[in-house]
Amino acid sequence: MTQQKSNKAALYILMFNMFIAMGSIGIIIPVMPEYLKIFGAAGQVLGMLIATFALAQFVFSPIAGNLSDQYGRKNLIIFGLIVTGLAQISFGLSTDVWMLFLARFFGGLGSAFIAPPIMAFVADVTTYEERGKGMGMLGAAMSLGFMIGPGIGGFLSKVSLHFPFYTAGSAAILAAILSFFLLPSSKPSTSQKAQKQDNLAKQMVRSVQMPYFVMLIIMLVFSFGIANFQTTLSLFVTNKFNYTPTDIAILLVVGGAFGVVVQMFIITPLFNRYGEMKVVLVNLFIAAVSIYLILFVSGFALILIVATIFSTATTLIRPAVNTLISKLAENEQGFAAGLNNAYMSLGNMIGPALAGILFDWNMNSPYIFGAIILMACFFLALIWTLKKAPHLMHPDSK
């Protein structure tokens, strides 16, 4: 019973850390356009800053995941939070554009040392049957951070444009201090310690041989789809319907709020009844249809409904994929979580860049392309499951 309470407390601390990490990203979103004007920069620099952050995540996530298998999760999480905090503060103190890029690179590095060890830690403190619930709670903390962050950032920017960065950095460092005192140590098993740490290239090659490789592809594609949607939505509705920043904020916040509710209260019953793979398949299909439908609806209410459906579908996919990868990873939880985060970062890196290019060519094209690749991913996942892993179509299967 004492161990069960300890595990539950650890899960709550991990949720708090993920909330802080994701909130510190969200908090700067509404500030960035005005902040970059100080440096005489605009949209192109913003896109490159986003890509720089994602690049660092991509490079260091597998390394962080592997290290957490060898040396435990706690110290890496604390390290990631401190680096993230210092990077945010440095971003606010920057006086030149190159300093912004350096700060964002280290911000991505810090994030890489937070997410994979946290996901592996959740696997450590939950049973096989409870894994989906744990990943769902972690996903809810992520969604809550993304949802609340922009609102807090907009409010704090009234103090000064630098203040949100200082606040986000301080919150991350505070989370590191709390984790040092409150988070229990997670000791890797002997088999995990014995594993050799490969470089990034070897790990990416090795990922192809993993039993969860298709899950990694799903993570890549749907992360691309989310980044594709989020990057161009504000431009799309502004150009087509003359929406205000407030209208756009409502679209994003309502979708985020639904995501939090679903992950906290609905996702576990869905996993228990249908299994994670069916949840992935159904919501890949819904995401593909809804991202395409955004081209044909008009009126704020209908656009809000379609955007919320897309957001909710992608919200369900993430913890389902995380859970399946964790269940298939066995004793390589950190390695698998690192690869998972790397593939997600790759989607986050490619998505905004390609979406911007497509939008400049034709503002409808990002949504058409997004729908095509999401639907292709649906068929890939369906065929792979039916041929290679039919047992995943049933709940609570090993």
Checklist entry - Is a side-chain N or O of Thr312 found less than 3.5 angstrom from the main chain of Thr308, in a donor-acceptor match? => result yes
Next on the checklist: Tell me whether the count of non-hydrogen atoms from other residues, nucleotides or ligands lying under 6.0 Å of CZ in Phe241 goes above 12.
Outcome noted: yes
Checklist entry - How would you list all residue pairs meeting side-chain hydrogen bond (donor to acceptor under 3.5 Å, both in side chains) that involve residues 363-381, not counting sequence neighbours? => result Thr232-Tyr367
Next on the checklist: Run the side-chain contact (heavy atoms from CB on, under 4.5 Å) test against Ala307 and tell me which residues pass, sequence neighbours left out.
Outcome noted: Phe229
Item to check | Nearest-0.5 Å distance that lies between atom CE in Met219 and atom SG in Cys377 | outcome: 10.5 Å
Checklist entry - Parallel, tilted or perpendicular: which describes the rings of Phe113 and Phe60, with under 30° parallel and over 60° perpendicular? => result tilted
Checklist entry - If you draw a 6.0 Å radius around CZ in Phe236, do more than 12 non-hydrogen atoms from other residues or ligands fall strictly inside? => result yes
Checklist entry - Would Ser207 and Tyr343 count as having a side-chain donor-acceptor pair, cut-off 3.5 Å? => result yes
Checklist entry - Do side-chain atoms of Lys74 reach the backbone of Pro184 as a donor and acceptor pair under 3.5 angstrom? => result no
Checklist entry - Relative to each other, are the rings of Phe165 and Phe91 parallel, tilted or perpendicular (30° and 60° limits)? => result tilted
Next on the checklist: Please report the interatomic distance CG(Leu100) to CG(Leu36), rounded to the nearest 0.5 Å.
Outcome noted: 6.5 Å
Checklist outcome for this item: Hits for side-chain contact (heavy atoms from CB on, under 4.5 Å) against Phe101, two or more places apart or cross-chain, chain-then-number order -> Val45, Met48, Leu49, Thr52, Val97
Item to check | Side chains of Phe163 and Lys158 in contact at under 4.5 Å (non-hydrogen atoms) | outcome: no
Checklist entry - Counting heavy atoms not belonging to Phe265, are there more than 12 under 6.0 Å from its CZ? => result no
Checklist entry - Considering only heavy atoms from C-beta outward, does the side chain of Met215 approach that of Met277 to under 4.5 Å? => result yes
Next on the checklist: Does Lys240 have more than 12 heavy atoms from other residues, nucleotides or ligands lying within 6.0 Å of its NZ?
Outcome noted: yes
Item to check | Sequence-distant partners of Leu86, side-chain contact (heavy atoms from CB on, under 4.5 Å), two or more places apart | outcome: Ile82, Ile173
Item to check | Pairing residues for Thr323 by the side-chain contact (heavy atoms from CB on, under 4.5 Å) criterion, not counting sequence neighbours | outcome: Arg131, Met135, Phe271, Glu276, Lys327
Checklist entry - Would you say Phe258 has more than 12 foreign heavy atoms packed within less than 6.0 Å of its CZ? => result no
Checklist entry - Which pairs pass ring-ring contact (aromatic ring centres under 6.0 Å, His included) with one or both residues in residues 371-390, sequence neighbours excluded? => result Phe285-Phe378
Checklist entry - Is it the case that more than 12 heavy atoms not belonging to Tyr274 sit under 6.0 Å from its OH atom? => result no
Checklist entry - Do side-chain atoms of Thr314 reach the backbone of Phe310 as a donor and acceptor pair under 3.5 angstrom? => result yes
